Every structure is written in structure tokens, then in C-alpha cells.
2 protein chains.
Amino acid sequence: MAKTYSIRQLTKEMGVTSRTLRHYEDEGLLSPERQGLARIYSQRDRARLQLILRGRRVGFSLAEIREILDLYNAEDHGVAQFQHSRKKFAERIVALEAQRKDIDESIAELKLAVERADNFLAEHHAAQNPPRVKMTGYSVMPAAE
Amino acid sequence: MAKTYSIRQLTKEMGVTSRTLRHYEDEGLLSPERQGLARIYSQRDRARLQLILRGRRVGFSLAEIREILDLYNAEDHGVAQFQHSRKKFAERIVALEAQRKDIDESIAELKLAVERADNFLAEHHAAQNPPRVKMTGYSVMPAAE
DNA sequence: GCCTCCGTTTACGCGAACGTCAAGATGAGT
DNA sequence: ACTCATCTTGACGTTCGCGTAAACGGAGGC
């Protein structure tokens, strides 16, 4: 028999609440089997959940995630549908690459900020009780553009 | 005289509405000067706005952005404050790097999906009117884990 | 004087993504 | 049979990030 999961198991493993899983079900992102009332999650459900959560972490809305999942999930497609899917996927890729650029830039800026803090702390390590200090040189903002 | 911007100019340049700028001001993210009632945005305001918008694109909440901006912006810090800032910045960097990993994985998966679509379309290009086709091999989901 | 922009404040509204009760079903253990 | 944990289905509440009127204030052109 294929391995299955209770709702509790899955919430603990994935770090979400049961409410979240039910919400995803309401939104059509998951559709676990039932044993009576209880939900029984399959490996496939678990895999979908992982995709959903990663989608969320990269900023997709649940509606967007559902769309992607539907495109993946289709069992019965014509050529036109495949072309449509391909196009959608390609669009997502472009958006994600732009987002990665934003992230890289943010990281670079934060690293600069860390460096400046380190410099400051190094300077004022020997000095005892530096009572108050004005920011030197670099103004309030990192250089824009 | 340093260059300044009206609210309209800034909205057009940045692709946001005036409501958004006022909202950021309400939230303490911007504080443009005034000429009477009218807002006058400086270069610094513009730079901050760019940071805000990029922050939003990478998934920061306005509260988080304000915190980062405040850390940047402080004019008068003690050693303890600098240490605190440094720590916060470092945490953000770690989070962003994790996020970049998620993005890279998402991109990789979407590229696979595009490839599969291309394969399908190549196969069924010569064939006329492929009426209906079942997904072959790869199941509903990409391999989990 | 009046129109037309561009700007302002105040404030209610909204969709997304859940949180948070309330009230009950179901099975396992004693 | 009783308790207990774990599940269920509503259904209203909350936070965030603005959208969207409503109502008004100058400044410039005709």
C-alpha cells in the first residue's frame, strides 16, 4: 500500500496549520481522499503541498499556484492547451528571473550595510564608551541609481 | 537647488498610484517636504521609494521595510544599536538567500515543464489533428523531494 | 468668473490568506 | 460507558496593502 499521511503528520512535517491545509482544499489546490470524514493525504498530495508552499515563499498567490498546478496536472490535453501551458510557464520563468535579480540586489545592499556596521564596530572597539556618534560619510541612503 | 519631484512625476516614473505614496507616508516609510499642502519629494525620497518597491517585490511587508529603513536611516547610534542592526541585516540576508534557492528551484521546474511541452509539441507537429492525448510517462507531478 | 487640473484629507471597502471560535463526529484506550 | 485526542464543518474575525469615492483647495488659462 502506498504511504499516506494524516492531516497532523503533514502539518508537523511542513510547518503549517490544519486550517491552512483545509483552506488549500477549499481553494482547489489539494483534494485528499477520505476515510469517512477524515482526510487521507497521499504522496502526491504531499508533493503538491510542497510545491504550493514553495510557490508561496516565492510570492505566488494561491490562484496563481492553482493555475500552475492545473497546467501540470492536466491529464487530457490538446495541442492548443500545451502551447498555452508552455507560454504560461515561460512567463513565470521570466518573472522569477526578474525577482531573483531583485533579491541579489537586496542581498548586495544588505551586505554593504553589514560591512559598514562592522567597520563602525571595529573603529569603536578600542575606544572606551563612545558616547554618541554621527554617521560619517555615507549618508542616510545607499546611492540610488 | 536639488532636484525635486511632484507626486505625479514620481508615480509615473515608478509605476505606482498616488494613493500608494500617501499610504507609504502614513506608514512612516516616506516623509516628503511640503509646500503648503502639496508634497515635494526629494532625491532621497525617490531613493527610499525605490528601495521600498524592491522590498515589496521580494516579499517584505511594509513593516519590515520600515524597520530596515529605520536601521539604515538612523543618524545617531550607539554601539549597541549598530550591533543590533548588523544582526538584523544578517538575518535578512540569510532569509533572502533561502528565497533565492526557492526561486532557482522553481525556475528549474518550470524549465522542465517547458521542455516537456516542447517535446510534446514537436512529436505532434507532423501528425495532423491529434485529437486527444494522454500524458505519457511523467505522472501528474514532478518528482517530489 | 469659471473651468480644468493637480493636489489634498477622511474614511469606508475589498480580496487574499488564513486565525479563531463553536459545536459536533469518530475512534482508541481504560 | 466514559474520557480524551483528533478529526470534522461552518462561519465570523483579522491583517495587509492598497482601491475608491466624497468633498474640498489653490493655480493657471480663456
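Order of the sequence lines fixes the chain letters, A, B, ..., with proteins taken first and strands second; residue numbering starts at 1 for each chain. Predicted, not measured: the structure shown is a model, and the values here were computed from it.
- Note: CZ (A:Phe60) to P (C:dC18) measures 15 Å, nearest angstrom.
- Annotation: cation-pi geometry satisfied between A:Arg92 and A:Phe60 (NZ/CZ under 6.0 angstrom from ring centroid, within 45° of ring axis).
- Residue A:Leu30 contributes atom CG, which lies 17 Å from atom C1' of D:dT8 at whole-angstrom precision.
- For D:dG17, the OP1/OP2 oxygens have no side-chain nitrogen or oxygen of B:Arg66 closer than 4.0 Å.
- Among residues two or more places apart in sequence or in another chain, the side chain to side chain contact (heavy atoms under 4.5 Å, CB included) test is passed with B:Ala63 by B:Ser61, B:Arg66.
- At least one donor-acceptor pair closer than 3.5 Å links the side chain of B:Gln99 to the backbone N or O of B:Val58.
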For nucleotides 26-28 of chain D, print each protein N/O atom paired with a nucleotide N/O atom at under 3.5 Å, atom names and distance only.
none

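- Nearest-nucleotide mapping onto DNA chain D: of B:Leu37 and B:Leu62, the residue sitting toward the 5' end is B:Leu62.
- At C:dT8, none of the side-chain N or O atoms of B:Arg34 fall inside 4.0 Å of OP1 or OP2 (strictly under the cut-off).
- Screening A:Arg54, A:Arg57, A:Arg56 for a side chain to side chain donor-acceptor pair (under 3.5 Å) with B:Asp102, the sole residue that qualifies is A:Arg57.
- Here A:Arg8 reaches the OP1 or OP2 of D:dC7: one of its side-chain N or O atoms lies under 4.0 Å away.
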**Message:** Using the rule given for side chain to side chain contact (heavy atoms under 4.5 Å, CB included), can you reason through B:Leu51 versus A:Glu109, listing the C-alpha separation, both sets of side-chain angles and the distance that settles it, and then say yes or no?
**Reply:** CA-CA 10 Å; B:Leu51 284 187; A:Glu109 220 156 73; 2.8 Å; yes
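- Rounded to whole angstrom, the span from the CG atom of A:Leu49 across to the P atom of C:dA17 amounts to 15 Å.
- A:Glu27 CD: more than 12 foreign heavy atoms inside a 6.0 Å radius.
- The distance between atom CG of B:Leu53 and atom P of D:dG17, rounded to the nearest whole Å, is 13 Å.
- Taking the six-membered ring for Trp and the full ring otherwise, B:Phe89 and B:Tyr72 have centroids separated by under 6.0 Å.
- Here the side chain of A:Arg48 pairs a donor or acceptor atom with the backbone of A:Leu29 at under 3.5 angstrom.
- Of the residues in residues 14-28 of chain B, those with a non-hydrogen atom less than 4.0 angstrom from any atom of DNA chain D are B:Thr17, B:Arg19, B:Thr20, B:His23, B:Tyr24.
- A:Glu91 CD: more than 12 foreign heavy atoms inside a 6.0 Å radius.
- In this structure, NZ of B:Lys12 is placed 10 Å from C1' of C:dC6, rounded to the nearest angstrom.
- Of the candidate nucleotides C:dG7, C:dA16, D:dC18, C:dA16 has the atom lying nearest to any side-chain atom of A:Ser61.
- Between the C1' atom of D:dG17 and the CD1 atom of B:Ile65 lies a distance of 11 Å, rounded to the nearest Å.
- Protein atom CD1 of A:Ile40 is 12 Å distant from nucleotide atom P of C:dG27, rounded to whole Å.
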